[in-house]
Amino acid sequence: MTTSDTETVCRRLVGRTAVITGAGSGIGLATARRLASEGANVVCADIDESAGKAAAEEVGGLFVKVDVTSPEEVEALFKTAFDTYGSVDIAFNNAGISPPDDDSILTTGLEAWKRVQDVNLTSVYLCCKAALPYMQRQGRGSIINTASFVAVMGAATSQISYTASKGGVLAMSRELGVQFAREGIRINALCPGPVNTPLLQELFAKDPERAARRLVHIPLGRFAEPTEIAAAVAFLASDDSSFINATDFLVDGGISGAYVTPL
């Protein structure tokens, strides 16, 4: 069965409301398409107005412009979702950055460190804090926070603040998953491997050696497609994952399990 066939057959999220940050491109856009195809009301949140609007129009959802580092804007995002659709069932806290000035700890400045922490970690804290009261009142909900395989592994090609932020997302997701489990709310950290997004394509087109250095560590021999990560989000959002909670959900092509890879 192909991915498109799966999207046609699976209707696990009919009537549920999903809030997706960073919905304008990459994993967020692929997930907006997938969750909408499964019947969800999708709220597409992005700081990029044109990309976010285009995503919402494509999936028949709602666009909300949001700076995920702003407590007021994040609270307004989830209130808008609830006021429009009557529930907040799924929160995919996915927005993040990986800027070039985040590098080795020896060269990364404090401003770059703080900027990445704000967008990648503090925003997840804010989104969870805003989503949880709606889910508590409902007695159900699924929160999926985008971490990374680098939350469980080290890399000699460091992006120190990015790595630290994703480790923080994983630890926070685990703790929240434990804290709110008996209220019917599941919270997991999605840990993707490298994904074939426009950002990655642009980065590696400029530096093929950098791409090759990473590809050699992936047993499957390729980067993930955004649709493959979106499928994992849809699973975690649905009742099919009803006993999966407080975990690092690795979708990494086997990187974290590999010592040497096939020739």
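Keep in mind that this is a model prediction, so the values were computed, not measured.
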Taking side chain as C-beta onward, heavy atoms only, is Val251 less than 4.5 Å from Leu190?
yes

Does Phe235 reach the side chain of Val233, with side-chain heavy atoms less than 4.5 Å apart?
no

Do you know the tightest heavy-atom contact between Phe223 and Asn196?
CB-N, 4.0 Å

Tell me, do Ile144 and Thr31 make a side-chain contact under 4.5 Å, heavy atoms counted?
no

Side-chain donor-acceptor contact under 3.5 Å, Arg11 with Ser37
no

Taking only Lys NZ, Arg NE, NH1 and NH2, and the carboxylate oxygens of Asp or Glu, determine whether Arg34 and Glu228 approach each other closer than 4.0 Å.
no

Got a salt bridge between Glu57 and Lys53, using NZ or NE/NH1/NH2 to carboxylate O under 4.0 Å?
no

Establish, from distance only, whether the side-chain atoms of Ser50 and Asp48 form a donor-acceptor pair under 3.5 Å.
yes

Do Phe78 and Val43 make a side-chain contact, defined as non-hydrogen atoms from C-beta onward lying under 4.5 Å apart?
no

Can you check whether Ser98 reaches Gln159 side chain to side chain, under 4.5 Å on heavy atoms?
yes

When you check the side-chain N and O atoms of Thr122 and Gln117, is any donor under 3.5 Å from an acceptor?
no

Using only atom types and a distance under 3.5 Å, with no angle test, would you say the side chain of Arg186 pairs donor to acceptor with the backbone of Ser241?
yes

Is there side-chain contact between Arg115 and Ile97, with at least one heavy-atom pair below 4.5 Å?
yes

Thr261 side chain to Val216 backbone, donor-acceptor under 3.5 Å
yes

Determine, stepwise, if the pair Ser70 / Val66 fulfils side-chain contact (heavy atoms from CB on, under 4.5 Å).
CA-CA 8 Å; Ser70 163; Val66 62; over 6 Å; no

Is there a side-chain contact between Val19 and Phe92, using heavy atoms and a 4.5 Å cut-off?
no

Would Arg16 and Asp239 count as a salt bridge (charged side-chain N to carboxylate O under 4.0 Å, His left out) here? Give the steps.
CA-CA 12 Å; Arg16 300 188 191 183; Asp239 293 340; 2.8 Å; yes

Just so I know, are the side chains of Thr17 and Ile90 near enough to count as touching, which here means a heavy-atom distance under 4.5 Å?
no

Which of Asn93, Asn145, Asn188 passes side-chain hydrogen bond (donor to acceptor under 3.5 Å, both in side chains) with Ser173? It is Asn145

Nearest heavy atoms of Val59 and Cys44, plus distance in Å
CG2-SG, 4.1 Å

For Asn94 and Thr21, test the side chains for any donor-to-acceptor distance below 3.5 angstrom and give the result as yes or no.
no

Salt-bridge contact Asp89-Arg140 (side-chain N to carboxylate O under 4.0 Å)
yes

